[in-house]
Amino acid sequence: MKGAILDWITPRGQSLNPPLARNVKTDRGFHHERTGALLCPAGLDWSNAELVPTLSVDHYTDVL
């Protein structure tokens, strides 16, 4: 992930848990708590544990 984006989504003085690597793509998107929350479509509740496993980039790419 671009360094600037990682810096932007990480709260000041804190670190992401689990951390996101700047050069690894497998831990991003809906696979990570912070990026998943940012990608979650409006109107859906990311904190809903039953919803999270149903979200995928492929599903929302087809819908859009």
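- For the atom pair OG1 (Thr35) and CG (Leu38), the distance works out to 7.0 Å, reported to the nearest 0.5 Å.
- Residues that satisfy the side chain to side chain donor-acceptor pair (under 3.5 Å) test with Asp7, not counting sequence neighbours, are Arg22.
- Judged purely by atom type and a 3.5 angstrom limit, His32 uses its side chain to pair as donor or acceptor with the backbone of Pro18.
- Considering CG of Leu16 and CG of Asp27, their distance stands at 10.0 Å, rounded to 0.5 Å.
- Ile9 CD1 to Leu20 CG: the interatomic distance, rounded to the nearest 0.5 Å, is 5.5 Å.
- Screening residues 37-51 for side chain to side chain donor-acceptor pair (under 3.5 Å) gives Glu33-Trp46, Asp45-Ser47 as the qualifying pairs, with residues at least two apart or on separate chains.
- With rounding to the nearest 0.5 Å, the separation of CZ in Arg34 from OG1 in Thr10 is 7.5 Å.
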